[in-house]
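In listed order, ligands and their atoms are each counted from 1.
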Amino acid sequence: MYDANQIQILEGLDAVRRRPGMYIGSTDFRGLHHLLWEVVDNSVDEFMAGFGDRVTITINADNSVTINDYGRGIPVDKHKTGRSGLEIALTVLHAGGKFGAGSYKVSGGLHGVGVSVVNALSRRLVAEVRRNGATYRQEYEAGKPLTEVKRVGRADDTGTAITFWPESKVFGAIEWKMDLIHARIRECCYLNPGLSAEIIDARCTPATSFSFYFDGGLTSYVRHLNANRTVLHPVISTNKLAGTTQIDIALQYNDGFSESVLAYANNIHTAEGGTHLTGFRTALTRVLNDLGRKLGVLKDANLTGDDIREGLSAVISVRLLEPEFEGQTKTKLGNAEVRSQVDGALAEGLTAHFERSPNDIKRIIEKCWLSARAREAARKARDLVVRKDPLSVSTLPGKLADCQERNAERCELFVVEGDSAGGSAKQGRDRKFQAILPLRGKILNVEKTSVERMLESDAIKSLVTALGTGISRGFDITKLRYGRLILMTDADVDGAHIATLLLTLIFRHMPQLITSGRLYLAQPPLYRITFNKETHWVYSEASRNALVKKAGRAKVDMQRYKGLGEMTPEQLWTTTMNPATRTLLKVTAEDLVRLDETFTMLMGSAVPPRKKFIETHAHAARNLDV
Ligand code: 0RA
């Protein structure tokens, strides 16, 4: 039944089914979504080649996915092997050379493995092609065609619709992550201005639908990155064709301290950077230094690569005919020529912008110069740092009750709000390995403050000194004096506020404490409930209700704790500090980006979104006030 050619082909797809990870990276949710990206990439390639400006992605009720585009449609005519182009595209591994030489396409890393891989890893797949005024259809099971390509009707447009049912033997339960799909498609529409994409979730009634379309391309993307932030100037953008490399760049500084620079090559997010990013950074540093001297802002000071990062949001997108991807995850652009091409494009763009709007550039340089001075201040703060050394204990903050243990890994630092709670904690602790640092009063809102000003706050200075690590770019985790940092604040609104400010400080200026899993929140109890001569510590409203129910008719004595200061040192030890009985909440690195957005919104200087958040979350805020 099969000729030699076909047997070879089936063996090819078999290899994909045997070792899916080799083709799509993994068989977890990432691999599953990769099937979807693979088909969408092909539709976007059509758009880039000038055919069709619309793609719809439908998650069907049975968890299959349909991707419909308005490109040329996969060719259906018979190939010299006697098989149709469609069948070849769906069954031959790396049936590349899709457009021949001379066009840009999404390929590299795990991308561009071809729709045949999607076919191999789907229990069923249906392809419908609209081309030459007709609609053609072919169905597959586990990569094997069930029929020939059949003409099933007329068509008055062109395009391709592929529906696939991922193989659960490969992926386990099929769970589409809508937020991931939205983020990816949104990104795709920023990188391809003029493309409209619609995502339909037909699993719910009524079906939900999201549409993305960005006329402004990278400029819109950078505006999105800086949404909720106070920006220093309008977005600066530049485009250039250098040889056969198409370069698009947009950038804008905000008044914050973090950097978000995204680099893409042929629509692929190059997370490990590469030559395009290096070219961008060198040109930006050099041009800002040159113009800064011209303007007299810098005199003979020099901005470093670090100085120009703070508050920078930018997107760099390059398209090239033969991208080379390197690095651990194949997301580092290797093409050497791109470095000088991007450098040249950005230098030209910045200089041209300077001629039109010198004040924008002036504001940027002033901001970078501020960062340079802040970095210097941070370096000085780090010099404040002392290792645990009995001779220099005097330089540690006076309020710190340090522990005896010398091995930092075994030590814990409790940061406690207020002196009275600090007193109980000092008495209640195990002084062998637990240190207490009471912080008084409100902590500065660091989201709106420079490192320089921050270090004028006594509370922040003593925390940084106690930790030993320094701060911001001067941060050095090897100097950390404790294995765990535990924030212990009251379970009320003020406590939550102080915890949020501390979290913001750490998130912005010592994020490594979070990523290394050393930051925790203590969980003090809300109530002490006694009945039948038994005492229960209760940590949530739900367990309080459950316990009161359980007590039934017994006489219940219920005491509500408002603040840590209301507990005796012994009570604080058993309920909150004793490693054997306490619960700690670990602050994790997960969703740092989401945290970032929330922090910026809650703590930043842009007012309207903050108000909206507080209004829409007012009920949540009220729940804190227990
Ligand atoms: C092979 C050749 C051509 C287009 C395609 C494949 C193609 C593949 C997919 C996958 C999803 N949508 C797609 N659209 C097109 C070029 C056809 C021509 O030269 O007419």
Side-chain angles (χ1 to χ4, degrees), residues 9 13 16 23-24 33-60 64-81 83-108 110-122 124-140 143 145 149 151 155-166 181 184-185 188-189 192 194-200 266-268 321:
I9 284 159
L13 291 195
V16 179
Y23 299 85
I24 54 164
H33 288 76
H34 197 90
L35 302 185
L36 177 42
W37 313 149
E38 191 57 46
V39 183
V40 172
D41 283 351
N42 279 278
S43 305
V44 174
D45 284 346
E46 283 295 289
F47 169 78
M48 282 201 282
F51 304 97
D53 56 4
R54 210 145 69 78
V55 55
T56 42
I57 297 146
T58 310
I59 315 291
N60 300 305
S64 64
V65 178
T66 304
I67 294 106
N68 183 24
D69 68 42
Y70 299 83
R72 285 166 290 187
I74 305 180
V76 286
D77 21 280
K78 288 234 159 115
H79 194 249
K80 49 182 178 290
T81 57
R83 306 195 313 137
S84 80
L86 177 60
E87 194 171 319
I88 292 171
L90 286 169
T91 55
V92 180
L93 277 184
H94 301 286
K98 194 160 52 179
F99 309 113
S103 67
Y104 304 104
K105 51 185 175 289
V106 187
S107 61
L110 294 170
H111 294 265
V113 290
V115 277
S116 59
V117 169
V118 179
N119 194 17
L121 298 176
S122 295
R124 176 175 150 79
L125 181 144
V126 176
E128 272 194 350
V129 171
R130 306 182 305 282
R131 208 177 147 100
N132 315 325
T135 301
Y136 304 88
R137 181 181 163 100
Q138 192 177 29
E139 297 189 21
Y140 289 83
V149 178
R151 185 177 186 274
D156 37 36
D157 62 359
T158 61
T160 306
I162 290 180
T163 304
F164 64 95
W165 287 255
I181 298 172
R184 169 77 188 210
I185 298 301
C188 204
C189 288
N192 296 280
L195 173 67
S196 337
E198 192 180 8
I199 304 170
I200 300 164
N266 289 20
N267 281 343
I268 294 161
L321 296 179

Enquirer: Assess the residue pair Arg83 and Val92 against the criterion (side-chain contact (heavy atoms from CB on, under 4.5 Å)); give the C-alpha distance rounded to whole Å, side-chain angles, the decisive distance to 0.1 Å, and a yes or no.
Expert: CA-CA 11 Å; Arg83 306 195 313 137; Val92 180; 3.8 Å; yes
Enquirer: In terms of atom number and element, which parts of ligand 1 are under 4.0 angstrom from non-hydrogen atoms of Pro75?
Expert: 1 (C), 2 (C), 3 (C), 17 (C)
Enquirer: Tell me which part of Arg131 gets within contact of ligand 1: side chain, backbone, both or neither, using heavy atoms under 4.0 Å.
Expert: side chain
Enquirer: Would you compute the distance between atom CG of Asn267 and atom CG of Asn192 and round it to the nearest 0.5 angstrom?
Expert: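 The distance works out to 4.5 Å.
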Enquirer: Salt bridge check: are Glu139 and Arg137 linked by an N-O gap of less than 4.0 Å?
Expert: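 Answer for the salt bridge query: yes.
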Enquirer: Atom CG of Asn60 and atom CH2 of Trp165: how far apart are they, to the nearest 0.5 Å?
Expert: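 So the gap between those two atoms works out to 7.0 Å.
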Enquirer: With heavy-atom distances below 4.0 Å as the criterion, list the atoms of ligand 1 near Ile74.
Expert: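 Near Ile74, the atoms of ligand 1 are 7 (C), 8 (C), 9 (C), 10 (C).
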Enquirer: Under 3.5 Å between some N or O of ligand 1 and some N or O of Asp69?
Expert: yes
Enquirer: Sort out for me which residue in Asp77, Val129, Thr160 forms a side chain to side chain contact (heavy atoms under 4.5 Å, CB included) with Leu86.
Expert: Val129
Enquirer: Using distance alone, determine whether Asn42 and ligand 1 share an N or O pair under 3.5 Å.
Expert: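 Asn42 vs ligand 1: no N/O contact under 3.5 Å.
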